[in-house]
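For the numbers below, each heavy atom of this structure counts, side chains included, while hydrogens, waters and symmetry mates do not. Each chain gets a letter, A, B and so on, in the order the sequences are listed, and its residues count up from 1.
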Amino acid sequence: MIKTQSPLLARANRIRSLGIFGILFAFVVICASLALTTPRFLTVPNLTIILTQVSINALLAFGVTFVIITGGIDLSLGSMVAVTGVAAALFAHPDTYPLVVPLLVALAAGLAMGGFNGLVITKSKVPPFIVTLGTMTIGRGLALILSKGRPVSNLSDGFNFIGGGQVFGIPFPIIILVVVFGLCSLLLKKTIWGRYMYAVGGNEQAARASGISVAKIKMLVYTLCGALAALAGIVLTSRITTGQPNAGQGFELDAIAAAIIGGTSTSGGSGTMTGTLIGALLIGVISNGLDLLNVTSYYQEVVMGVIIIGAVVLDGLNRKR
Amino acid sequence: MIKTQSPLLARANRIRSLGIFGILFAFVVICASLALTTPRFLTVPNLTIILTQVSINALLAFGVTFVIITGGIDLSLGSMVAVTGVAAALFAHPDTYPLVVPLLVALAAGLAMGGFNGLVITKSKVPPFIVTLGTMTIGRGLALILSKGRPVSNLSDGFNFIGGGQVFGIPFPIIILVVVFGLCSLLLKKTIWGRYMYAVGGNEQAARASGISVAKIKMLVYTLCGALAALAGIVLTSRITTGQPNAGQGFELDAIAAAIIGGTSTSGGSGTMTGTLIGALLIGVISNGLDLLNVTSYYQEVVMGVIIIGAVVLDGLNRKR
Amino acid sequence: NQANDDAQGDTPLIGVSMLSMQNEFIVNVSDEMEKKAEAVGAELIMVDAERSALKQIEQIESFIAQGVSAIIMNPCEVEASSPAVTKALAAGIPIINVNSATATKPTAFVGSDDVESGRIAMEYIAKRLGGKGNVIMIHGYMGQAAQIQREQGAREILTKYPGLKLLAHQTGEWDRAKSMSLMENWIQSYGNKVNAVFAQNDEMGMGAVKALEAAGIKDKVVVVSIDAIPDALRAVEKGTLDATVFQNAARQGSQAIETALKIIDKQPYEKEILVPFQLVTKENVAEFKK
Amino acid sequence: MESHPSDPILLVKSLSKSFGGIKALDEVQFTLHRGEVHVLMGENGAGKSTLMKILMGLETADLGEITFAGEPWASRDVRDSLAKGISMIHQELQVVPELPVAENIFLGRESTRWLPGWLDDPGIYQKTNNLLTDLGMTLDAHAKMKYLSVAEMQMVEIAKAISHDAKIIIMDEPTSALSDKEVSTLFGIIKDLKSKGVAIIYISHKMDEIAQIADTVTVLRDGKYVGTKPASELDQNALITMMVGRTIESLFPETTGQKGEVVLSVKNLGIPGKFQDISFDLSAGEVLGLAGLMGAGRTEVARAIFGLDSLAEGTVFIKKKKVTIRSPEEAIRHGVGYVSEDRKGWGCIPGMSVQHTLSLSSLRDHLRGSLINGKSEHTAANRMVNDLHIKTASLSQSVLQLSGGNQQKVLIGKTLLAKPEIIIFDEPTRGIDIGAKHEIYKLIRQLTAGGIAILLISSELPEILGLCDRVVVLSQGRQTALLSREEMSQEKIMQHAVHS
Ligand SMILES: Nc1ncnc2c1ncn2[C@@H]1O[C@H](COP(=O)(O)OP(=O)(O)OP(=O)(O)O)[C@@H](O)[C@H]1O
Ligand SMILES: Nc1ncnc2c1ncn2[C@@H]1O[C@H](COP(=O)(O)OP(=O)(O)OP(=O)(O)O)[C@@H](O)[C@H]1O
Ligand SMILES: [Mg+2]
Ligand SMILES: [Mg+2]
């Protein structure tokens with residue numbers, strides 16, 4: 001009996017399933033209006049800068065997208081960036097260790113912290129909000145302990161290339177961004193684990209009854225989140241050529257915002273990497289635009305807040321249709 | 001067949017329904033161990049200080065408990081504290097306006113911002129996380145605009161009494177804390193609005209099907225949250241005798257933590273003011289204790305994080321039994 | 001001296017509340033204090049106010065409750081930290097402000113006037129630009145004492161030199177990454193119109209330098225910042241950062257402890273010890289590098 | 001059409017409603033009289049619930065007019081409808097798990113005292129106890145909903161709807177989660193209401209109930225009005241023809257009867273507080289029934305075998321090999337499949353498409369390297385849709401938008417794709433229309449013919465009698481009988497089910 005309605009329904013679903021149209025629309029609107037108001041916006045160097053600036057938040061947003069899709073949350077991102085960044089810096093002084101060492105150390109730190117989150121969340125019934133809030137505090141402390149409260153500076157050129165270098169005139173962070181985006185999308189859409197993430201977030205009980213090991217999937221996403229935080233920490237540290245113990249404060253909120261703006265549902269079960277990327281770009285473009293227009297810093301915050309809410313409202317309206 | 005299980009079940013429920021036992025236990029354990037390790041902990045002056053210090057976070061935590069019970073979240077608490085605090089300070093200079101003016105102004109500001117949150121959340125389908133994150137940014141900007149980026153100082157003694165004064169040797173903030181705690185508990189447990197909050201958070205559909213106006217209830221909780229933030233802002237401002245545009249950063253996380261530690265479920269539908277109060281006290285006692293024990297600041301953060309996670313894990317274990 | 005002899009007897013207990021243990025300069029000051037206390041045999045309770053005046057007041061209250069014999073406070077705010085001073089004095093406990101001042105006069109003050117650092121930095125820019133050119137200012141976290149005072153000092157000089165034009169100013173929130181992004185965006189909008197950058201701390205100064213270097217116009221722009229952290233000194237030596245302003249953490253720290261002990265032992269003491277700022281350029285950077 | 005002495009209390013004329021592309025209701029008409037039990041029937045997705053939701057003010061009609069008690073009726077919202085005297089038992093449980101029974105029953109109309117908005121809870125607990133005793137329900141007014149069984153929750157919902165003293169009470173599949181004991185209680189209540197002149201709209205997929213209570217029957221199909229007839233003029237076949245537009249010769253296809261060797265055998269299974277000493281053998285090609293009253297622990301047994309709950313006592317043998325199943329993952333690996341009684345809670349995944357749901361338990365079969373081979377997944381899903389006659393717009397449609405029957409088929413398909421040799425069906429036809437039921441029965445026969453062993457949990461005895469080769473009867477968690485096909489009879493099973 002549904003047959004008659006089929007084509008319509010099908011189309012409806014397909015549109016909803018790529019629910020990013022709304023936000024994409026909002027994004028385009030904002031870019032257009034910026035391009036019209038300031039000639040300096042739509043220039044290759046400026047766009048390159050935006051992408052470079054967005055890269056770190058985007059990396060974190062990708063990680064937290066996985067987590068939110070499974071119905072969780074990760075507030076420890078910023079602290080993980082600080083810990084991994086400092087850890088990397090400690091081993092990145094010139095003429096000490098080969099370049100891989102700081103990278104592996106940072107990665108290990110990220111995996112450890114993410115794994116800790118996953119372990120506590122799966123083993124105990126403590127809500128992710130609290131667990132990761134705890135890790136956030138712990139991590140901040142660790143970063144300060146590791147660095148003795150001082151920035152860890154004087155890093156090797158090799159290390160500083162990661163965040164500062166260019167390949168064929170393209171800043172390296174952008175290349176990292178593109179590659180990681182590709183991998184994350186693939187993982188989410190084309191692998192069994194990605195599929196399971198949606199299942200776990202959509203209906204944990206049903207996922208279990210379908211033979212999915214919910215605990216394993218949760219471990220996976222939080223650890224993954226740690227790994228991506230480590231990557232972000234490396235890029236940041238290398239970009240500012242110092243390991244900052246107090247770096248990354250509030251990064252978690254920006255990252256989560258990017259994910260949710262990009263259409264990831266806070267209740268889990270839905271979301272796309274493309275949406276998250278657009279969300280991150282949206283935030284990056286706005287703050288770049290506000291600087292270009294030289295809006296006074298106080299008003300920048302107001303405008304930023306208004307635009308973010310506005311963009312998501314717009315998105316919602318589009319969805320309703 | 002139901003009869004046989006009913007009484008048993010019922011008792012089980014009643015015990016679980018006061019699910020704060022677990023966290024109360026954790027709280028007592030921590031207090032005891034502190035009392036044993038440092039003589040300075042269990043003294044009247046120190047306990048008074050703890051209560052005074054806890055008051056602001058507790059006020060915010062009460063507000064956000066209402067919100068979380070309905071299944072929402074409010075990240076704009078800290079900013080609302082700043083805005084309302086500055087607003088109050090602007091009208092609290094000596095020999096300008098009567099004391100009620102700054103109080104009413106702050107309250108109005110809080111109601112306005114909370115109302116804005118509620119309005120956007122109920123009218124649009126935007127998730128509370130984003131809306132209140134937006135308000136957080138907007139509010140920060142507003143506070144700076146209102147104060148022109150400078151602390152607003154030189155406030156009347158009458159105003160400074162609110163946060164600094166004493167009645168029968170009891171610091172006024174403690175009295176505010178107790179009164180507000182009483183009122184909030186009553187509102188939550190003894191009025192239909194409280195009942196409806198649980199209903200909306202527990203099963204929005206069912207609430208709607210029972211003729212409850214979900215939108216009204218959500219408006220109520222967010223506005224209430226704004227009002228309590230205003231109260232916190234007043235106490236804070238009067239305590240530091242200055243309207244600080246950058247005050248209250250991260251307050252939202254502490255408040256939410258207090259609520260969740262106190263057993264409020266992040267998915268909505270359950271929670272108690274008593275639990276939240278204990279949660280706030282727990283946080284306050286820990287940070288006080290760490291200072292007393294003269295734990296190095298870096299390690300303080302680590303310990304704080306560990307204890308918070310630990311306390312909630314302990315709670316979880318107790319619940320299982 | 002005698003404090004050492006009866007160490008466990010009546011070792012003076014001093015409560016110390018620092019602005020932020022995440023700020024390198026402040027950490028240096030507190031380290032000096034601990035070294036000094038170690039030497040003279042005083043016990044310190046060192047706590048971190050994390051830039052929150054409220055937390056600082058609470059910590060002072062807690063010190064009072066614990067009955068410390070003296071309090072050293074590194075104020076978060078001029079006004080907002082004042083109640084702490086009032087409370088301490090009311091409780092009859094001597095309180096020494098270190099590094100920066102509060103509205104309420106404490107028992108003693110050891111430190112320097114942040115406004116001065118702003119003046120020195122901007123004076124240097126004025127000198128380098130010959131009194132005329134476009135300047136950009138990168139603020140610390142808006143509304144914080146250091147930000148306000150350093151801005152005030154800078155603006156005094158700007159008004160003195162009508163030739164200097166403040167092209168733009170934004171907050172970098174004391175953060176290197178933020179100010180780097182900020183500078184990158186500014187380079188897009190102002191390109192080579194910028195002649196000089198004043199960053200209110202070295203972190204942000206280094207961030208600006210990175211952005212300018214990446215854009216290949218560092219040599220055209222004068223960059224000055226404040227604090228003289230090792231990284232900045234290295235940059236001054238290399239010539240990438242044109243100048244920074246040094247304030248003497250070692251002296252502020254040790255002087256604070258000494259003053260506190262003098263007051264405790266009822267010995268005469270100076271009510272106000274000013275530790276002057278010094279401009280650090282390529283010429284004299286050697287003196288400051290250890 | 002026959003005419004009642006009284007004039008209609010509710011009159012619905014050419015009512016239409018569509019959701020996006022779907023025409024849920026198309027020019028529907030409906031007439032209801034005082035003291036009448038009016039049964040509304042139709043396949044899954046026919047539009048029954050939608051029509052009721054419109055009357056209740058939960059949905060708004062696109063077109064058409066409604067007259068209630070002689071006046072034009074357009075409910076603004078639920079509160080309005082309740083006030084005017086229409087109450088409803090919803091198809092989906094509408095309970096607040098964290099609130100006690102009494103507070104659920106009086107949700108939205110709490111009595112207050114002293115101050116405006118001040119709760120008078122002693123009052124409502126008093127009222128609740130009276131209400132429950134009047135209705136002959138033994139429930140603790142203080143028990144939180146979340147600790148009640150599905151059946152108990154349903155009874156609370158019934159009590160809630162009754163407590164409004166409404167002129168019209170809508171009952172949307174009230175018995176789908178009830179066993180005969182509670183059903184008879186409900187029917188008692190209905191007769192009583194009738195005598196008080198209350199009009200009742202009753203929706204159900206259970207044929208046998210119609211004969212018992214219906215005065216009038218109205219049938220919808222694909223959102224269109226098919227007809228209204230007095231129950232007396234309708235026998236089962238006539239009704240079925242009205243609903244599905246064709247005749248269904250015999251509801252239960254004949255068993256082939258041949259059995260293979262034992263594939264599953266359990267000995268003295270037990271979980272303290274849930275069930276104990278459960279022992280039975282299940283052979284390839286056999287359908288073994290698991291009968292009992294609601295809450296007898298059948299689902300618990302199933303959940304334990306499938307690894308959803310961990311067994312405390314007893315041993316499970318699969319193909320003569322002793323196995324310990326700690327999780328559904330392992331159960332599936334051992335060739336066991338489970339179709340839950342709770343489609344919403346344990347089956348469907350919101351937002352997931354038909355294809356993804358179908359392949360969820362067998363994704364590993366569609367791996368190319370470490371990536372999912374979309375093509376082979378698609379073909380497999382497509383095969384299931386055709387084999388099970390799943391009515392869906394496309395494979396990319398979200399499962400939750402399918403009608404109940406088709407959701408159930410998708411979940412069965414998911415289980416089948418994991419190639420199980422043993423399948424546990426828990427209430428496989430709960431809330432499913434007669435047509436779909438018939439197809440599921442046929443499917444079960446096909447499966448057994450293919451040598452698959454089936455454990456069938458059902459509260460509908462005809463189903464047990466019609467499909468099972470043998471039946472295990474549980475009562476309060478104890479195994480009270482194991483009857484062969486010859487021994488089986490309605491009476492015998494009931495007698496063992498209530499025995500304790
Ligand atoms: N909220 C909704 N959004 C979209 N489609 C809907 C919605 N509610 C119902 N439908 C569609 O309307 C049609 C009628 O649904 P309805 O629930 O009224 O059927 P029903 O007769 O109650 O079926 P069942 O016997 O399974 O309860 C179905 O095709 C269903 O998919
Ligand atoms: N999926 C489930 N998850 C958790 N508890 C359940 C589930 N299904 C049933 N229960 C609970 O187990 C208890 C026994 O009911 P159960 O469903 O096992 O008996 P049953 O004989 O299977 O009855 P039913 O006809 O409902 O299947 C009841 O309290 C019920 O609420
Ligand atoms: Mg229905
Ligand atoms: Mg069952």
Locate the shortest heavy-atom distance separating A:P127 from B:I260; write the atom from each residue and the value. CG-CG2, 3.6 Å

Look at B:V120, B:V126, B:T266, B:T135 and state which one has the largest set of heavy-atom pairs under 4.5 Å with chain A. B:V126

Contact residues of residues 137-148 of chain B (partner chain A; heavy-atom separation under 4.5 angstrom): B:T137, B:I138, B:R140, B:G141, B:L142, B:L144, B:I145, B:K148

Heavy atom to heavy atom, less than 4.5 Å: which residues from residues 299-309 of chain B reach chain A? B:Y299, B:E301, B:V302, B:M304, B:G305, B:V306, B:I308, B:I309

Quick check on B:L253 against chain A: is it the side chain, the backbone, both or neither that has a heavy atom closer than 4.5 Å? both

Shorter than 4.5 Å, heavy atoms on both sides: which option in B:I130, B:L75, B:I256, B:I73 has the most such pairs with chain A? B:I130

